[in-house]
Amino acid sequence: MCGIVGYVGPRDAAPILIEGLRRLEYRGYDSAGIAVMTANGKVFIEKKAGKLTNLTEHLNGDTPAGGPGIGHTRWATHGLPNDTNAHPHADCTGQLALIHNGIIENYVEIKARLVAEGHRFISETDTEVLAHLIETKYHGDLVEAVRAALGEVRGAYAIGVMHTDHPERIVGARMNVPLIVGLGDGEGFLASDVPAILEHTKNVVILHEGDIADVTPTGTRILSLDGTEVQRDTTEIRWDIEAAEKGGFPHFTLKEIYEQPHAIQESLRGRVAANGSVRLTELDGVADRLREIDRVYIVGCGTASYAAHVAAYLIQEWVGIPATMQVGSEMRYSPPPLDERTLVIGVSQSGETADTLAPLKLAAERGAAIVVVTNVVGSAITRAADAVCYLQAGPEIAVASTKAFVTQVLVLQMIALHLAGLRGTMPSNRIRTYGLALRTLPRLAAQTLKLAPQIKKLAQRFAGARDFIFIGRGVGFPIAMEGALKLKELSYVHAEGYAAGELKHGPIALLDPETPLVAIATQGAIYEKVASNVAEARARSAPVIAIATEGDDQIDHYAQDVIYVPETPEAISPVIAVLPLQILAYEIAVARGTDVDQPRNLAKSVTVE
Ligand code: M6R
């Protein structure tokens, strides 16, 4: 969604804001803008449609001295992505400037009232009503005006507000979208996410829903919407700004692909012992509930839903109770049976995805046990949970998910083994065999990434294809869908993922010599069935690229191009099989010249339903 950043302190705000926006651009890049209070007590606002570079080129280094200041990078919801709709927005006096991430659901009625009262609106956004609404409540106390205004709005928001009467203050507030306060030495920050301010401070306060933060250089006061002061813990960020840099790679996407062996290692840390036994201590607090459950739903969106899909297969097989994947955006409005014997596992890299949060809240209301799998410490999803399992993958900046997917699958595999151990549905020696296999994954992933030169050549050959079909069966099916999604996102090439057995029920009509078929054909119980499906495609003259297991001497009868990956037990194989697909999508995107790290129309986290 959008990214917001704010600064109050002795330094000039503009360079801090622009650098912060650069680090938040993964959240949206339809427009960028800043507001700075100048030395003569006026608000300077500059904003431009398009990426941050449009704004910086327009400014050409000519930013005003002074502060405080606020900045915004937009993923458009209400109103076209043009200069006028870009944030910050001002009130009628021009003294107040505001930035917003989220959606104000009742903005139409508020706007009508404000227009009738004589307020002049310039943009088509829902956000602008907040600036004017706060204006109506303002009688010298900015914090109180923000609090009073927010009492009248419905929806989701993280806001930053500044006013010329308050040169030593920025006010932030949060509801259902993230906002943190950075505590510097004689300065204060607001940000949607840690990277925006990490070079200035490692001490942050993660605001809770309904918090209003009065940020000044000397400290931050936090109020709830009813006006009572509340205390929030300070969190020390344990990673460095280098983790959010490209580190010599041409794209974050490629860097994150190559970080996967390390990310896997970190995800395994403390969870799989040297003898292979698997235990997630994060689940100890809900052990009694996990023993009682009789069904499991695993919910996520996009890539996270494919990780959830893998987990559903494994839990069903290993734990012996019904387990299904639920797409977040559908589950809330067509909920399955939910009660206190249900386990719902929410999967979300960002921990902010509204489509995933909503069904989790519904499930909690109906008494289900909630376990979440996320990468972002303190994110909204963690507050909806009875237990939290972190990916421990480090920050993922590229919009298209790679290392988060792999670690989501891995953490879910460990949860499935943990459940099987807890409920005695799998002998402990078998669990340890899987655990030991998991421990080989960092090495096997590194080995698989060495296939990049072969995959790059393939990508260059097929970069001109208009459509791709991906197929897989069993745990290979979600991997086929993830491979197709990665290709769509990164290269804008049309691609679909199908269950291999379904090919003959319709999609086979799409195959021709111009339509490559990518088959996940690693070794497993139904390898031969997949091979037959591949043969059916080959008979229709489709060029076939197979992802197969090293030592497979059959597959090249069916596929012209084979990418051989290291052998793993079938249940573990998705972690390895997806790696060539990520590289294929990346290299096709590079060959086609698309914007790899920030694909058009997308945002890293989607905080609206
Ligand atoms: O942050 P989340 O894991 O909840 O995000 C879910 C999806 O929006 C996300 O995985 C999306 O599909 C990515 N663009 C995939 O690359």
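Read the numbers this way: they start at 1 and go in the same order the structure lists the ligands and their atoms.
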Exercise. Any heavy atom of E352 sitting closer than 4.0 Å to ligand 1?
Worked result: no

Exercise. Contact between L602 and ligand 1, counting heavy atoms under 4.0 Å?
Worked result: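 No, that is not the case, since the closest heavy atom of the residue is not under 4.0 Å from the ligand.
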
For this session: Could you please spell out the steps behind the salt bridge (Lys or Arg N to Asp or Glu O under 4.0 Å) verdict for R600 and D595?
Result: CA-CA 7 Å; R600 67 187 180 202; D595 191 343; over 6 Å; no

For this session: Name the option, out of E396, E489, E482, that contains the heavy atom nearest to atom 14 (N) of ligand 1.
Result: E489

Exercise. Stepwise, does the side-chain contact (heavy atoms from CB on, under 4.5 Å) test hold for V372 with I345?
Worked result: CA-CA 5 Å; V372 300; I345 304 177; over 6 Å; no

Identify, for [atom], the protein heavy atom at the shortest distance, and state residue, atom and that distance.
atom	answer
atom 6 (C) of ligand 1	C301 O, 3.3 Å
atom 15 (C) of ligand 1	T303 OG1, 3.0 Å
atom 5 (O) of ligand 1	T353 OG1, 3.5 Å

Taking only heavy atoms of [X], which atoms of ligand 1 are found under 4.0 Å from at least one of them?
X	value
A304	3 (O), 10 (O)
Q349	1 (O), 2 (P), 3 (O), 4 (O)
S350	1 (O), 2 (P), 4 (O)
G302	12 (O)
K486	15 (C), 16 (O)

Problem set entry | Side chain H87, main chain H100, donor-acceptor under 3.5 Å | yes

Exercise. Does K51 make a cation-pi contact with Y29, if we ask for NZ or CZ under 6.0 Å from the ring centre and within 45° of the axis?
Worked result: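 Yes - K51 lies over the ring of Y29, closer than 6.0 Å to its centre and within 45° of its axis.
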
Problem set entry | Among Q582, E489, E396, the one residue meeting side-chain hydrogen bond (donor to acceptor under 3.5 Å, both in side chains) with S401 | E396

Exercise. Of the backbone atoms (N, CA, C, O) and the side-chain heavy atoms from C-beta on, which set of T356 has a member under 4.0 Å from an atom of ligand 1: side chain, backbone, both, or neither?
Worked result: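 For T356, there is no contact with ligand 1 at all, from either part.
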
Exercise. Relative to each other, are the rings of W318 and Y434 parallel, tilted or perpendicular (30° and 60° limits)?
Worked result: tilted

For this session: Decide whether H262 and Q260 meet the rule of one side-chain donor and one side-chain acceptor closer than 3.5 Å.
Result: no

For this session: Find out whether F405 and V578 are in side-chain contact, i.e. whether some heavy atom of one side chain is under 4.5 Å from a heavy atom of the other.
Result: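 F405 reaches V578 side chain to side chain.
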
Exercise. Quick one: does atom 8 (O) of ligand 1 have a protein heavy atom under 4.0 Å from it?
Worked result: no

Exercise. Side chain to side chain donor-acceptor pair (under 3.5 Å) between T374 and Q349: does it pass, once the steps are laid out?
Worked result: CA-CA 5 Å; T374 185; Q349 188 285 132; over 6 Å; no

